[in-house]
Amino acid sequence: MTDTVERGMVQRMLAAVERIGNRLPDPAVLFIALLGIVWVLSWLLSYVAWDLTDPRNGEPLRVVNQLSGAALVQFCTDMVKTFAHFHPIGVVLVAMLGIGVAEHTGFINAALRAMLAATARWLLTPLLIAVGIASHTAADAGYVLVIPLGGILFHAAGRHPLAGIAAAFAGVSGGFSAAFIPSAIDPMLQGISQSGARIVDPLISLNPLNNYFFTASSALLIILAGWFITERVVEPRLAKTPLDEEVETAAGMHALDERERRGLRIALWSMLVFAALLVASAWPESSAWRDETGSLTGRGAPLMASIVPLIFLFFLLPGVVYGIFAGTVSSSRDIIAGMTRSMESMAYYLVIMFFIAQFIYAFGQSNLGILLALEGAAWLQAAGLPASLTVAGIIVLTGLLNLFVGSASAKWALLAPIFVPMLMALGISPDLTQAAYRVGDSTTNIITPLMPYFPLVVVYCQRYIKAAGIGTVTAMMLPYSATFIVLWTIYLLLYWSLGLPLGLQSSYAYPAP
């Protein structure tokens with residue numbers, strides 16, 4: 001009885017979140033309002049003398065007035081460049097060109113129907129979350145590939161497509177640091193942590209995989225927690241939300257006919273050949289895909305920089321091949337039509353991203369994000385909490401800051417010079433501090449509209465329910481976020497208490513025993 005009452009309370013709370021969120025202005029208007037707030041706050045706070053040091057240059061921190069004549073002129077001068085160079089836009093549009101062809105010709109639909117025929121229905125959710133976690137190795141590919149496919153996959157299986165989008169989003173973004181495959185983010189964060197640690201110890205050296213054992217084992221935690229939340233909280237609630245009529249009639253999981261099977265078989269072979277050629281070209285130590293150190297996965301490696309174009313080709317090729325052999329393509333115009341159709345669906349996304357790009361630009365120029373980070377860290381240091389509570393406090397503070405500053409590397413570049421030396425003075429190693437940061441950074445990604453890919457998830461939901469908005473996605477993802485941050489924090493503290501290795505050449509204490 002108590003369990004039923006608690007579930008009812010949770011569902012009512014989520015319904016209220018969705019209702020309030022969807023009553024907010026259109027996301028584009030919301031970001032215009034946030035831009036205005038940043039301008040006004042930067043003007044007011046620019047007159048305050050802050051007793052803080054900017055970790056980027058060692059100079060006193062000051063808030064830059066974005067309503068000054070010079071700042072407004074610079075804002076207008078950079079407006080086009082700010083939008084055109086905003087990273088998520090190019091990632092999404094280029095990838096969607098190839099995916100659009102694969103969808104238009106029927107390749108994705110046929111591949112999913114074939115997979116569903118061979119996969120137990122109860123395994124779909126954990127499989128989808130696991131794929132989302134694995135997608136981290138391909139930079140931002142999960143946002144443009146795994147999340148929309150989650151909706152298609154669940155819809156084809158006769159389940160609510162928004163539940164598939166939610167599960168995929170939880171794996172891709174909520175479980176960002178639960179990586180069982182090393183990725184470029186590992187050496188990136190390690191390098192920042194090491195720089196922060198050398199403020200105290202100039203000779204300290206950290207391993208790029210200093211959190212690997214913890215993050216790899218965390219993947220199982222995220223998969224199990226995400227599986228439970230999807231099927232016990234999110235999907236039952238969404239069952240009461242009808243799909244738009246034209247979408248509802250499009251559902252189906254009928255068997256492939258002979259022509260579709262032939263087209264799918266040849267298309268999959270074309271993907272395999274493409275993958276084999278890519279491996280063969282990357283294998284030699286002199287490969288042009290490698291960076292100057294010979295790494296394929298380093299931050300500056302051409303292979304990592306080419307992930308999005310490779311996704312484009314990886315879907316364009318089998319999409320075209322399937323269309324030819326399955327008879328869904330009669331001329332080159334059908335290919336271009338597929339690309340055009342995918343771009344049409346991105347029109348609303350582009351409008352939102354224009355205003356997000358301007359907001360993020362002004363927020364960054366104002367130094368308000370740095371001010372939030374420094375004040376939060378100062379409060380945490382002044383609290384004088386026990387070591388375990390301090391680590392938990394870092395997770396919570398990082399999660400709160402993540403609602404305003406989305407980039408994992410940029411945020412850590414601000415926080416590491418503060419957190420790492422501060423905790424080293426308390427006897428806590430940089431390895432453990434970094435692990436705590438990664439937990440907090442991951443868990444609130446999925447509930448902040450300020451995360452650049454959040455509006456894209458709204459667009460994916462609107463394919464099935466046109467009335468879906470910020471509130472819809474926030475209400476779907478809030479159970480994941482709350483569960484992840486609580487369980488993951490407990491897991492890190494338990495992991496620490498058992499003395500299990502965080503990663504390669506890592507420690508919990510400073511100096512290392």
Side-chain angles (χ1 to χ4, degrees), residues 20-21 23-57 59-89 349-379 397-415 418 440-441 444-456 458 469-471 473-474:
I20 294 169
R23 284 180 180 174
L24 291 172
D26 185 273
V29 177
L30 185 62
F31 279 100
I32 294 173
L34 288 171
L35 177 61
I37 291 171
V38 165
W39 280 344
V40 173
L41 277 178
S42 68
W43 165 56
L44 293 173
L45 297 179
S46 65
Y47 295 102
V48 179
W50 302 96
D51 188 21
L52 297 167
T53 301
D54 191 330
R56 299 170 301 179
N57 52 31
E59 298 178 359
L61 176 70
R62 67 184 185 91
V63 174
V64 180
N65 179 10
Q66 294 301 294
L67 285 178
S68 68
L72 288 174
V73 168
Q74 192 64 46
F75 179 82
C76 293
T77 303
D78 291 342
M79 184 178 288
V80 174
K81 182 175 70 175
T82 298
F83 178 53
H85 292 185
F86 194 42
H87 176 70
I89 295 175
Y349 172 73
L350 287 175
V351 173
I352 298 174
M353 295 309 285
F354 172 78
F355 293 106
I356 291 179
Q358 308 310 322
F359 162 75
I360 290 177
Y361 171 86
F363 189 72
Q365 293 293 111
S366 69
N367 285 341
L368 288 174
I370 304 170
L371 177 63
L372 279 171
L374 295 178
E375 287 288 359
W379 174 86
L397 179 59
T398 302
L400 291 173
L401 289 172
N402 197 40
L403 298 175
F404 305 96
V405 184
S407 170
S409 56
K411 190 160 63 269
W412 190 225
L414 295 174
L415 295 176
I418 305 164
D441 176 63
T444 55
N445 278 334
I446 49 182
I447 58 171
T448 171
L450 301 186
M451 200 267 285
Y453 290 105
F454 191 94
L456 185 63
V458 175
I470 287 176
V473 178
T474 303

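Bear in mind the structure is a predicted one, so any value in this text is a computation, not a measurement.
- The structure places OG of S366 at 11.0 Å from CG of L67, a figure rounded to the nearest 0.5 Å.
- Centroid-to-centroid, the aromatic rings of F75 and W39 come within less than 6.0 Å.
- Within the 4.5 Å cutoff, the side chain of L371 has heavy atoms near those of the L61 side chain.
- Y453 OH to M353 CE: the interatomic distance, rounded to the nearest 0.5 Å, is 7.5 Å.
- Interatomic distance, CG of D441 versus CG of L401, reported as 10.0 Å (0.5 Å rounding).
- The ring pair (Phe, Tyr, Trp, His ring centres under 6.0 Å) test applied to F83 returns F354, not counting sequence neighbours.
- Contact check for W50 versus R62: no side-chain heavy atoms found under the 4.5 Å cut-off.
- Q358 contributes no side-chain N or O that, together with a main-chain N or O of L35, makes up a donor-acceptor pair within less than 3.5 Å.
- Remark: side-chain polar atoms of T444 are paired, donor with acceptor, to backbone N or O of G399 under 3.5 angstrom.
- Here F31 pairs with F359 under the ring pair (Phe, Tyr, Trp, His ring centres under 6.0 Å) rule; sequence neighbours left out.
- The shortest distance between side-chain heavy atoms of F86 and I360 falls below 4.5 Å.
- Nearest heavy atoms, N65 versus S46: CB-OG, 3.7 Å.
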Worked check of side chain to side chain contact (heavy atoms under 4.5 Å, CB included) between Y361 and Q74:
CA-CA 11 Å; Y361 171 86; Q74 192 64 46; 3.5 Å; yes
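- Atom CZ of F454 is separated from atom CD1 of I446 by 9.5 Å, given to the nearest 0.5 angstrom.
- Annotation: the span from L41 atom CG to Q66 atom CD amounts to 11.5 Å, rounded to 0.5 Å.
- Going from atom CD1 of I356 over to atom CG of L30 covers 9.0 Å, rounded to the nearest 0.5 Å.
- Although no hydrogens or angles enter the test, the distance criterion places a donor-acceptor pair under 3.5 Å between the side chain of T448 and the main chain of L403.
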